[in-house]
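Taking it in order: structure first as C-alpha cells, then the write-up.
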Amino acid sequence: PVFGRTDASIFVNLSNPNNTIDLGFGSEPKLDSVVLMMAYQKDNFYGDFQDPLLVNVYRLTDTLDYNSSYYSYTEIPTDYTQDLTYSGSGKNTLFAPSTNVYDGDINYAPHLRIRLKNEVGQQFIDDTTKLASTTALQAFFKGIQVTTRNTVISGNNYGVFSYFDLTSPLSKISIYY
C-alpha cells in the first residue's frame with residue numbers, strides 16, 4: 001500500500017549540561033563557524049538513505065517544558081521567517097546513519113552536520129552571560145526545530161526516516177572561533 005507523504009521534525013531546547021559559568025572566548029575572538037551536530041542511532045532508519053533531503057533549522061519562539069507531553073499534532077511556536085542554516089534556505093543532504101564522519105584526522109561516529117549562520121554563534125560570543133546556565137540559555141534561545149518538511153520528492157525518490165540520539169555527546173551545537 002502507498003500511504004502518501006510523511007514529514008518529520010525534531011523540536012529541541014538547548015542546555016549547558018555542566019552549567020559552565022566561565023566560558024571565556026579570549027580577547028577579541030573571531031568566529032569561524034557554527035555547526036549543528038546530531039548523532040545517528042547507528043543503522044536505525046527506514047527508507048532509502050540515498051535520497052537527498054532538504055533540512056531546515058528554525059528558532060523556537062516559546063520554551064519547551066520538560067514536564068510537558070508533546071505529540072505529533074502539538075504546535076510548537078516557531079519563527080519560520082528565518083532559516084538558521086548557513087545558506088538561509090536549508091541544506092540538501094544525504095542521511096548516512098552508517099557512515100563515520102571525519103573532521104580533519106579525527107574519526108567520529110555517524111552524525112548529521114549542518115552548518116548554521118554565523119549570527120547564531122556570534123550572539124553568544126558577544127554576550128557570554130547567555131551561556132552562564134541552562135536557565136539563562138533557554139531564556140534567550142528557546143530552542144530549534146529541525147525539519148525536512150520542505151523537501152521536494154520526485155520520481156522514484158521515497159526519502160528516509162532516521163533516528164537520532166540527542167543524548168549523545170556528539171549531539172550539540174559547536175561554535176568554532
Side-chain angles (χ1 to χ4, degrees), residues 4-17 31-41 45-47 49 51-97 101 110-128 130-131 133-154 157 159-177:
R5 183 180 174 118
T6 301
D7 291 304
S9 297
I10 299 171
F11 296 88
V12 296
N13 58 13
L14 309 176
S15 66
N16 179 345
L31 184 105
D32 175 69
S33 58
V34 181
V35 180
L36 168 65
M37 294 173 269
M38 297 189 312
Y40 291 109
Q41 287 185 359
F45 65 91
Y46 297 99
F49 61 85
D51 289 339
L53 296 176
L54 178 66
V55 179
N56 300 94
V57 180
Y58 300 104
R59 191 169 179 162
L60 300 184
T61 58
D62 201 2
T63 56
L64 295 172
D65 183 5
Y66 180 78
N67 295 313
S68 294
S69 297
Y70 296 97
Y71 303 98
S72 61
Y73 55 83
T74 303
E75 294 290 330
I76 308 294
T78 303
D79 179 4
Y80 292 112
T81 63
Q82 184 180 10
D83 187 330
L84 298 180
T85 59
Y86 188 70
S87 71
S89 58
K91 177 184 178 181
N92 270 308
T93 188
L94 293 175
F95 280 33
V101 175
H111 64 282
L112 178 65
R113 296 174 67 90
I114 301 171
R115 183 160 178 198
L116 301 179
K117 291 180 177 179
N118 285 352
E119 300 87 71
V120 174
Q122 191 64 50
Q123 60 195 344
F124 296 110
I125 288 176
D126 291 344
D127 183 359
T128 59
K130 296 171 183 165
L131 294 170
S133 67
T134 295
T135 302
L137 174 59
Q138 291 176 1
F140 172 70
F141 198 91
K142 311 293 187 220
I144 58 173
Q145 176 192 18
V146 181
T147 184
T148 59
R149 70 187 179 111
N150 296 318
T151 297
V152 175
I153 302 292
S154 61
N157 294 338
V160 64
F161 275 96
S162 184
Y163 290 84
F164 293 96
D165 179 3
L166 299 179
T167 62
S168 165
L170 276 175
S171 294
K172 59 188 170 185
I173 294 179
S174 291
I175 300 172
Y176 296 96
Y177 63 99

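Using a 4.5 Å heavy-atom cutoff, the side chains of Lys130 and Phe141 are not in contact. Looking at heavy atoms from C-beta onward, Val35 lies out of side-chain contact with Ile114 at the 4.5 angstrom threshold. Between Ile125 and Tyr177, the closest side-chain pair of non-hydrogen atoms falls below 4.5 Å. Counting heavy atoms from C-beta on, the side chains of Gln82 and Lys117 come closer than 4.5 Å. Contact check for Leu166 versus Ile10: side-chain heavy atoms found under the 4.5 Å cut-off.
For the atom pair OH of Tyr58 and CG of Asp79, the computed distance is 9.5 Å after rounding to the nearest 0.5 Å. Distance check, rounded to the nearest 0.5 Å: CE of Met38 to OG of Ser168 gives 11.5 Å. The distance from atom CG of Asn118 to atom CD of Gln123, rounded to the nearest 0.5 Å, is 11.5 Å. The distance from the CZ atom of Arg59 to the CG atom of Leu116 is 11.5 Å, given to the nearest 0.5 Å. The line from CG of Leu94 to CG of Leu112 is 10.5 Å long, rounded to the nearest 0.5 Å.
The aromatic rings of Phe95 and Phe164 sit perpendicular, their planes meeting at an angle over 60°, well past the 30° parallel limit.
A cation-pi contact, defined as under 6.0 Å to the ring centre and within 45° of the axis, links Arg149 to Tyr80.
Side-chain N or O atoms of Asp83 include one that pairs as donor or acceptor with a backbone N or O of Gly90 at under 3.5 Å. A side-chain donor-acceptor contact under 3.5 Å links Thr61 to the backbone of Pro77. In this structure, the side chain of Gln138 engages the main chain of Leu14 through a donor-acceptor pair within 3.5 Å. At least one donor-acceptor pair under 3.5 Å links the side chain of Tyr70 to the backbone N or O of Asp65. In this structure a side-chain-to-backbone donor-acceptor pair under 3.5 Å is present from Thr78 to Ile76. Listed for the Thr148 side chain is no donor-acceptor partner under 3.5 Å among the backbone atoms of Leu53. Asn13 places no side-chain N or O within donor-acceptor distance of the main-chain N or O of Gly143, the cut-off being under 3.5 Å.
Between Ser171 and Ala39, the closest heavy-atom pair is OG-N, 2.9 Å. Here the closest non-hydrogen pair linking Ser162 and Tyr40 is OG-CD2, 3.2 Å. Taking both residues in full, the closest heavy atoms of Asn16 and Thr134 are given as N-OG1, 2.9 Å, listed atom of the first, atom of the second, then distance. The minimum heavy-atom distance linking Ala139 with Lys142 is given by the pair O-NZ, 2.7 Å. The shortest non-hydrogen separation linking Met37 to Arg113 is SD-NH1, 3.2 Å. Contact detail for Arg115 and Asp32: the closest heavy-atom pair is NH2-O, 3.4 Å.
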- Task: Evaluate side chain to side chain contact (heavy atoms under 4.5 Å, CB included) for Ile144 paired with Leu60, printing each intermediate quantity in order.
- Result: CA-CA 5 Å; Ile144 58 173; Leu60 300 184; 5.5 Å; no

- Message: One pair to check against side chain to side chain contact (heavy atoms under 4.5 Å, CB included): Tyr176 and Val34. What are the steps and the verdict?
- Response: CA-CA 6 Å; Tyr176 296 96; Val34 181; over 6 Å; no

- Item | Check against side-chain hydrogen bond (donor to acceptor under 3.5 Å, both in side chains), Gln122 and Asp126 | CA-CA 6 Å; Gln122 191 64 50; Asp126 291 344; 2.8 Å; yes

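Remark: of the listed residues Val146, Thr147, Leu84, Thr147 is the sole one forming a side-chain contact (heavy atoms from CB on, under 4.5 Å) with Asn56.
Crowding of Tyr86 atom OH: a count of heavy atoms from other residues, nucleotides or ligands under 6.0 Å not exceeding 12.
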